[in-house]
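Working notes for the structure below.
Note on naming: letters A, B, ... go to the chains in the order of the sequence lines (proteins, then strands), and numbering restarts at 1 for each one.
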Amino acid sequence: MEIPKTYDPSATEDKWYGYWMKNNFFKSVPDHREPYTIVIPPPNVTGVLHMGHMLNNTIQDVLIRRARMLGKNACWVPGTDHASIATEARVVAMLREKGIEKKDLSREDFLKHAWEWKEKYGGIILEQLKKLGASCDWDRTRFTMEDDLSDAVIEVFIDLYKKGHIYRGTRMVNWDPAGLTAVSDEEVIHKEIDSTLYYVRYQVEDTNDWVTIATTRPETILGDTAICVNPEDDRYKHLHGKNIIVPMVNRLVPIITDSYVTMEFGTGALKVTPAHDINDYQLGQKHKLATIDVLTPEGKMSAAAGFYLGEDRFVVRKKIAKDLELTGNLVKTEPYKSNVGFSERTNAVIEPRLSMQWFLKMEEISKPALENVMNDNIRLVPEKFKNTYRHWMENVHDWCISRQLWWGQQIPAWYDETGDFVVAKTESDARILFEAKGKIFTKESTISQDEDVLDTWFSSWLWPISVFDGFKDPNNADINYYYPTNDLVTAPEILFFWVARMIIAGYEYRGEKPFTNVYLTGIVRDKLGRKMSKSLGNSPDPLDLITKYGADGVRVGMLLSSPAGNDLPFDESLCEQGRNFANKIWNAFRLINGWKSLEDKEGVDNRDYTKITEWFKAKLESETANINDLYSKYRISEALMAIYKLIWDDFCSWYLEIVKPGIGMAMQEATYNTTITFFESLLKLLHPFMPFITEEIWQSIRERKSNESIMMETWPTTGPEESKILNNFSSAMELVTEIRNLRKTKNIPMREPLAVSLFTGKSDAIADFHSMIIKMCNLSGIEIISNKPDGQAPIMIRDHEYFIHIQGLINIEEEQKKITEEIIYTKSFLESVMKKLSNERFVSNANPEIVATENKKKSDAEARIKLLESQLEGLGKGH
RNA sequence: GGGAGCUUAGCUCAGCUGGUUCAGAGCAUCUGCCUUACAAGCAGAGGGUCACUGGUUCGAACCCAGUAGUUCCCACCA
């Protein structure tokens with residue numbers, strides 16, 4: 001059957017993925033082998049695959065496939081995250097399109113819609129991962145809001161509450177006016193934006209005296225309950241203790257003093273709005289100021305504002321400026337750059353807002369998590385993230401864990417009609433607890449559950465434990481076998497959101513780390529260096545890329561230039577390179593496959609390839625060792641590059657070209673079998689990166705049983721380093737390159753054979769490869785001579801002098817110039833070596849080994865100069 | 001404001017304990033080739049004052065200090 005000239009991924013990828021699934025190759029159950037476990041960073045259940053997922057999951061698949069081939073019991077647990085805010089926002093938007101408002105629905109009805117939405121779109125992303133080739137154990141797919149995982153969340157909440165780590169309180173929180181919920185500090189992204197600094201004057205009570213303040217948020221003037229100045233500020237000392245009139249609302253508020261105020265900034269006078277600024281809130285607490293909340297949860301002006309009722313805060317900001325100007329109270333404005341917090345999920349401008357929330361105290365429970373990263377019990381890759389991690393962990397804030405949403409685990413706190421509460425799993429448990437507190441239930445008594453749900457991360461921080469049912473059944477076979485997991489692959493953006501908290505939960509609930517290594521990927525960026533995102537529209541659809549370049553091509557493209565922790569400046573040409581590589585391998589397969597049959601062949605190529613196969617075996621083993629080493633350092637892209645070069649350069653450009661039989665000739669069976677074995681080893685080394693094409697070729701290259709697969713094969717072995725043969729071969733390569741270069745510069749076509757002679761008397765290390773050189777360069781032969789020929793082109797490889805017989809074509813002057821230049825270079829090199837060696841301080845201070853190599857350099861250089869000089873002499877003769 | 005990292009070829013990056021495996025790789029570029037596996041290819045070649053300035057050292061891309069640029073994290077002076 002004719003094999004197509006180009007590799008067609010679409011013809012193979014689904015076929016082999018189905019085959020792997022059918023044979024349960026991804027499945028893992030505990031057994032006697034060493035486990036190797038990865039839990040997936042669960043993507044948003046209703047999300048779709050983006051480039052970050054591609055990078056992330058490709059790396060995980062590479063690691064898991066290699067571990068499987070190393071004979072470990074590899075288990076990659078997939079799953080999805082319920083993503084409270086994001087999913088709820090999408091469901092709300094979907095309902096709104098249908099004309100349904102969330103507020104008109106009961107909690108139950110809303111959740112019904114949400115679950116329907118989840119059933120419809122949930123899991124799309126997991127199907128997309130299959131296209132990428134991800135070898136997850138799909139039977140283990142978990143979802144953070146399924147019953148068992150939700151139970152775990154609730155139990156953990158109750159447990160931490162009982163231990164005194166969880167408390168409820170009114171605090172200034174980050175309010176997301178679009179998501180209508182509090183978010184944690186980590187979910188706020190600060191960006192510098194251009195804004196305006198408004199200078200507004202306030203009249204001091206019963207005087208004609210005015211104080212001008214500077215603010216970026218004039219709309220909050222309506223909620224001012226004080227003006228604050230620095231007690232040391234002479235400009236304002238006469239006003240201490242006086243009252244001032246807030247413009248518009250004409251409210252009388254005190255002028256207070258506090259050293260918090262910077263005299264240099266603005267006018268040195270600060271308006272204090274305790275309801276809308278964290279610092280003002282603290283001032284308010286300290287000075288017992290009133291709190292006037294002028295905004296609604298949606299970020300519109302509330303009744304308390306007294307003006308602009310129901311209008312958006314940003315609209316009002318402009319309006320109030322105008323109105324202040326009309327009354328002459330706006331002194332001036334100036335452009336100003338300020339840092340504004342945005343919601344990580346909805347991108348709305350965060351509003352500091354006072355509200356009652358649940359918090360988890362972090363200080364105590366985070367201690368083991370800090371310690372075990374610092375002492376490398378848990379290794380962060382790259383290591384530089386240790387610094388960031390430590391900094392965060394040493395300054396960790398309490399975690400606001402309640403969210404004013406419905407999609408998520410409802411907080412297991414129960415309130416009676418007086419507002420008293422208990423924490424319990426069920427209503428009946430709650431009643432018992434209330435009774436224990438002395439409460440007597442009457443017919444009128446009602447108790448109700450807290451309306452809020454828990455932060456999504458409060459479920460995903462349990463992920464490495466909960467996916468193995470480590471809460472439901474803490475001593476089950478799975479958790480005992482798979483936990484702690486081995487590698488976690490994720491983005492540095494969620495180092496605190498998720499990684500740190502998983503570590504905390506691991507030590508709190510298993511007394512042990514959740515994973516040993518954390519591989520932090522970079523951010524996928526576009527050519528302009530911008531982060532790829534849906535809102536910017538600069539992200540290619542990964543599935544389109546897979547269609548265009550094949551999953552293998554895209555995988556290689558993603559990994560070619562993304563060392564751990566480095567951002568990946570993505571360019572489609574990387575995928576093209578991946579696709580081209582696939583095609584290269586495909587054609588190597590076509591070539592080798594053509595050697596299988598002896599039919600129509602005129603005879604057998606009887607040349608001896610023993611040395612060549614010895615060389616390639618040595619090369620293969622040494623590169624395997626190198627690749628293993630790179631893996632152990634998580635230098636994944638370098639490991640890929642090593643295989644890339646091994647296949648493209650060493651195998652295709654050298655080995656295959658060398659053993660290729662002449663036209664019409666058949667290959668010796670032994671050579672063929674060795675070649676196939678080499679090819680199989682290469683395919684195995686490549687398999688973690690390019691699972692589909694390697695399977696396709698591996699299946700075709702030899703007869704296979706119906707349940708065999710390259711993914712279940714064992715990883716190639718290494719042998720002792722054969723540096724001698726490797727060095728000799730690279731010297732031979734050098735000679736080949738020199739001769740090719742000579743052909744090119746002298747315009748001697750390949751079909752015209754060249755004669756070469758080797759001046760004897762030296763070691764014959766390269767001679768092992770003479771037949772290879774003859775073949776690769778189309779030489780008539782290499783003659784060993786004892787007298788140097790005249791007027792031939794000399795090539796010196798190490799201490800071997802070769803002469804290329806191109807008498808008529810040689811330009812003596814040019815050659816002389818070349819050699820002279822080399823002599824000058826070598827002499828100056830020798831000079832620098834001599835300088836070192838004659839330096840007494842060098843000889844006495846430097847390591848003896850270094851001195852020895854310098855001595856060797858010296859003798860080598862001297863010998864080389866001698867040779868070059870004799871060549872120069874030989875050139876002149878005969879002309 | 002505090003902290004951390006980075007700066008090596010046109011691009012993306014290696015370069016470990018200072019010393020010829022020290023200036024490298026892939027891509028891109030240039031030149032010549034449709035050589036019967038592959039033009040998604042083959043062969044060859046050219047690209048770098050290792051950000052800058054000083055210092056330490058017999059010797060610095062590498063160690064130290066400073067400067068500039070850049071990225072990230074934390075904190076949020078309105």
For the P atoms, the ones on B:G18 and on B:C11, what distance do you get once it is rounded to whole angstrom? 30 Å
Select base, sugar-phosphate, or nothing to describe what A:T273 touches, counting heavy atoms under 4.0 Å on all strands. nothing
Measure from the side chain of A:R635, starting at C-beta and using heavy atoms only, and say which of B:G15, B:A37, B:G5 lies closest. B:G15
Taking side-chain contact (heavy atoms from CB on, under 4.5 Å) as the test, write out the residues that go with A:I725, two or more places apart. A:E614, A:W615, A:A618, A:E722, A:F769
Gap in Å between the two C1' atoms, one belonging to B:U8 and one to B:U12, rounded: 12 Å
What's the gap between B:U29 and B:A40 when it is taken at their P atoms, as a whole Å value? 13 Å
Could you check whether A:M750 gets within reach of a base, just the sugar-phosphate, or nothing at all, counting any heavy atom under 4.0 Å? nothing
Per-pair distances, 0.1 Å, donor-acceptor, side chain in residues 272-280 of chain A, under 3.5 Å, sequence neighbours excluded:
| unit_1 | atom_1 | unit_2 | atom_2 | d |
| --- | --- | --- | --- | --- |
| A:T273 | OG1 | A:D224 | OD1 | 2.8 |
| A:T273 | OG1 | A:K271 | NZ | 2.7 |
| A:H276 | NE2 | A:D293 | OD1 | 3.3 |
| A:H276 | NE2 | A:V294 | N | 3.0 |
| A:D277 | OD1 | A:N279 | N | 2.8 |
| A:D277 | OD1 | A:D280 | N | 3.1 |
| A:N279 | ND2 | A:Y260 | OH | 3.3 |
| A:D280 | OD2 | A:T273 | N | 2.7 |

Starting at CG of A:D649 and ending at P of B:G41, how long is that distance when rounded to a whole Å? 12 Å
Separation between the P atoms of B:G10 and B:C73, rounded to whole Å: 30 Å
Can you identify which nucleotide, out of B:G44, B:A25, B:A37, has its nearest atom closest to the A:K645 side chain? B:A25
Can you give one letter per nucleotide of nucleotides 72-78 of chain B, 5' to 3': B if a protein heavy atom sits under 4.0 Å from the base, S if only from the sugar-phosphate, - if neither? -SSBBBB
Thinking salt bridges, do A:R313 and A:E351 make one under a 4.0 Å N-O criterion? yes
Ignoring backbone atoms, establish whether A:N741 has a side-chain N or O less than 4.0 Å from OP1 or OP2 of B:A45. yes
Return the nearest nucleotide to the side chain of A:Y644; candidates are B:C27, B:G41, B:G44. B:C27
Distance check: side-chain N/O of A:R740 vs OP1/OP2 of B:G44, anything under 4.0 Å? yes
Do other residues, nucleotides or ligands put more than 12 heavy atoms under 6.0 Å from the NZ atom of A:K775? yes
Give A:E657 one of three labels, base, sugar-phosphate or nothing, depending on what nucleic acid heavy atoms sit under 4.0 Å from its own. base
With respect to the side chain of A:I663, which nucleotide from B:U36, B:A4, B:A40 is positioned closest? B:U36
Near A:E334 CD, under 6.0 Å, is it more than 12 heavy atoms from other residues, nucleotides or ligands? yes
Look at all strands and tell whether A:K584 reaches a base, only sugar-phosphate, or nothing, counting heavy atoms closer than 4.0 Å. base
Run the side-chain contact (heavy atoms from CB on, under 4.5 Å) test against A:S632 and tell me which residues pass, sequence neighbours left out. A:D629
Nearest 0.5 Å, what's the OG1-CZ distance between A:T196 and A:R317? 8.5 Å
Is A:S573 touching bases, backbone alone, or none of the nucleic acid, heavy atoms closer than 4.0 Å? nothing
Please confirm whether the backbone N or O of A:K548 pairs with a side-chain atom of A:R579, one donor and one acceptor, at under 3.5 Å? no
If I take atom CD1 from residue A:I592 and atom CZ from residue A:F678, how far apart are they, to the nearest 0.5 angstrom? 11.0 Å
Contact nearer the 5' end of RNA chain B, comparing A:Q577 with A:F581: A:Q577
Syn or anti for B:G47, given that syn means the glycosidic angle lies within 90° of 0? syn
If you only use heavy atoms from C-beta on, which nucleotide in B:A40, B:C38, B:G44 is closest to the side chain of A:N580? B:A40
Phosphate OP1/OP2 of B:A43: any A:W654 side-chain N/O under 4.0 Å: no
Please tell me which of the listed nucleotides, B:A4, B:G41, B:G44, lies nearest to the side chain of A:N387? B:A4
Pair A:W392 + A:Y389: ring centers closer than 6.0 Å: no
Work out how far the C1' atom of B:C62 is from that of B:A51, and round it to whole angstrom. 15 Å
Given Watson-Crick or G-U pairs with both distances under 3.5 Å, what dot-bracket string fits RNA chain B, with | for other-strand pairs and [ ] for crossing? (((((((..((((.....[....)))).(((((.......))))).....(((((..]....))))))))))))....
Just by modelled atom types, is the A:S622 backbone N or O under 3.5 Å from a matching donor or acceptor in the A:N626 side chain? no
Is A:C652 touching bases, backbone alone, or none of the nucleic acid, heavy atoms closer than 4.0 Å? base
Listing time: all N or O pairs from protein to nucleotides 29-34 of chain B that are below 3.5 Å?
| unit_1 | atom_1 | unit_2 | atom_2 | d |
| --- | --- | --- | --- | --- |
| B:U31 | O2 | A:K744 | NZ | 2.3 |

